[in-house]
Amino acid sequence: MKNLKKEPKTEEKYLMILKNIRTLIKFNNMSVYEFAKSVGYAESSMYSKIFSGHRNLTLHNLIAISNFFKISLNELVSGEFKIEQESIK
């Protein structure tokens with residue numbers, strides 16, 4: 001019999017992605033404004049809307065974020081990225 005790994009629910013996965021993004025922002029000592037501007041959000045309130053659950057991240061958003069932090073989309077989603085000592089700023 002196969003050892004089946006239980007996959008997290010969609011909401012849990014989404015929360016994990018948000019946690020990964022927060023980790024990257026914090027490690028790079030970025031403000032919400034700097035992050036929002038860097039990934040192409042017109043205003044930093046978009047960041048608040050996403051992290052409060054009033055707006056979902058799109059695939060386009062995830063790609064922009066992973067490109068900005070110079071990690072793969074898979075690393076961003078899984079959280080299996082290595083944080084370098086050098087800041088991206």
Side-chain angles (χ1 to χ4, degrees):
M1 180 171 208
K2 285 186 176 181
N3 187 8
L4 298 176
K5 183 179 176 183
K6 185 178 178 183
E7 287 291 319
K9 295 179 183 178
T10 302
E11 184 177 335
E12 291 171 351
K13 287 182 184 178
Y14 187 75
L15 293 174
M16 287 170 35
I17 293 168
L18 294 178
K19 180 181 175 192
N20 297 340
I21 294 169
R22 283 189 191 108
T23 299
L24 290 164
I25 292 168
K26 183 177 179 179
F27 179 80
N28 286 284
N29 298 315
M30 299 181 78
S31 70
V32 171
Y33 176 77
E34 289 173 311
F35 169 74
K37 186 177 175 185
S38 298
V39 296
Y41 295 137
E43 50 192 54
S44 60
S45 65
M46 181 62 73
Y47 172 90
S48 298
K49 289 176 185 175
I50 289 170
F51 281 88
S52 67
H54 291 96
R55 178 152 184 170
N56 290 327
L57 287 165
T58 65
L59 181 57
H60 176 78
N61 297 139
L62 293 173
I63 291 170
I65 294 166
S66 66
N67 287 340
F68 176 74
F69 286 115
K70 299 176 183 154
I71 61 174
S72 72
L73 189 55
N74 187 54
E75 289 171 313
L76 178 64
V77 171
S78 70
E80 295 177 3
F81 47 83
K82 293 181 182 176
I83 298 179
E84 302 292 329
Q85 291 301 317
E86 180 181 314
S87 176
I88 58 167
K89 285 171 105 182

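- At most 12 non-hydrogen atoms from other residues, nucleotides or ligands lie less than 6.0 angstrom from CZ of Arg55.
- Checking each of Leu76, Val77, Asn74 against Ser66 for a side chain to side chain contact (heavy atoms under 4.5 Å, CB included) leaves exactly one that passes, namely Leu76.
- Put simply, CZ on Arg22 and CG on Leu15 are 8.0 Å apart, with the number rounded to the nearest 0.5 Å.
- One finds the NZ atom of Lys19 at 12.5 Å from the CD atom of Glu12 (value rounded to the nearest 0.5 Å).
- The aromatic rings of Phe68 and Phe35 stand perpendicular to each other, their planes meeting at an angle above 60°, with 30° marking the opposite boundary.
- Taking CZ of Phe81 as the start and CD1 of Ile71 as the end, the distance is 5.5 Å to the nearest 0.5 Å.
- Leu57 meets the side chain to side chain contact (heavy atoms under 4.5 Å, CB included) test with Tyr14, Ile17, Leu18, Ile21, Tyr41, Ile50, Asn61, Leu62, Ile65; sequence neighbours excluded.
- Between Asn67 atom CG and Ile63 atom CD1 the span is 7.5 Å, to the nearest 0.5 Å.
- Glu80 is linked by a side chain to side chain contact (heavy atoms under 4.5 Å, CB included) to Ser78, counting only residues two or more places apart in sequence or in another chain.
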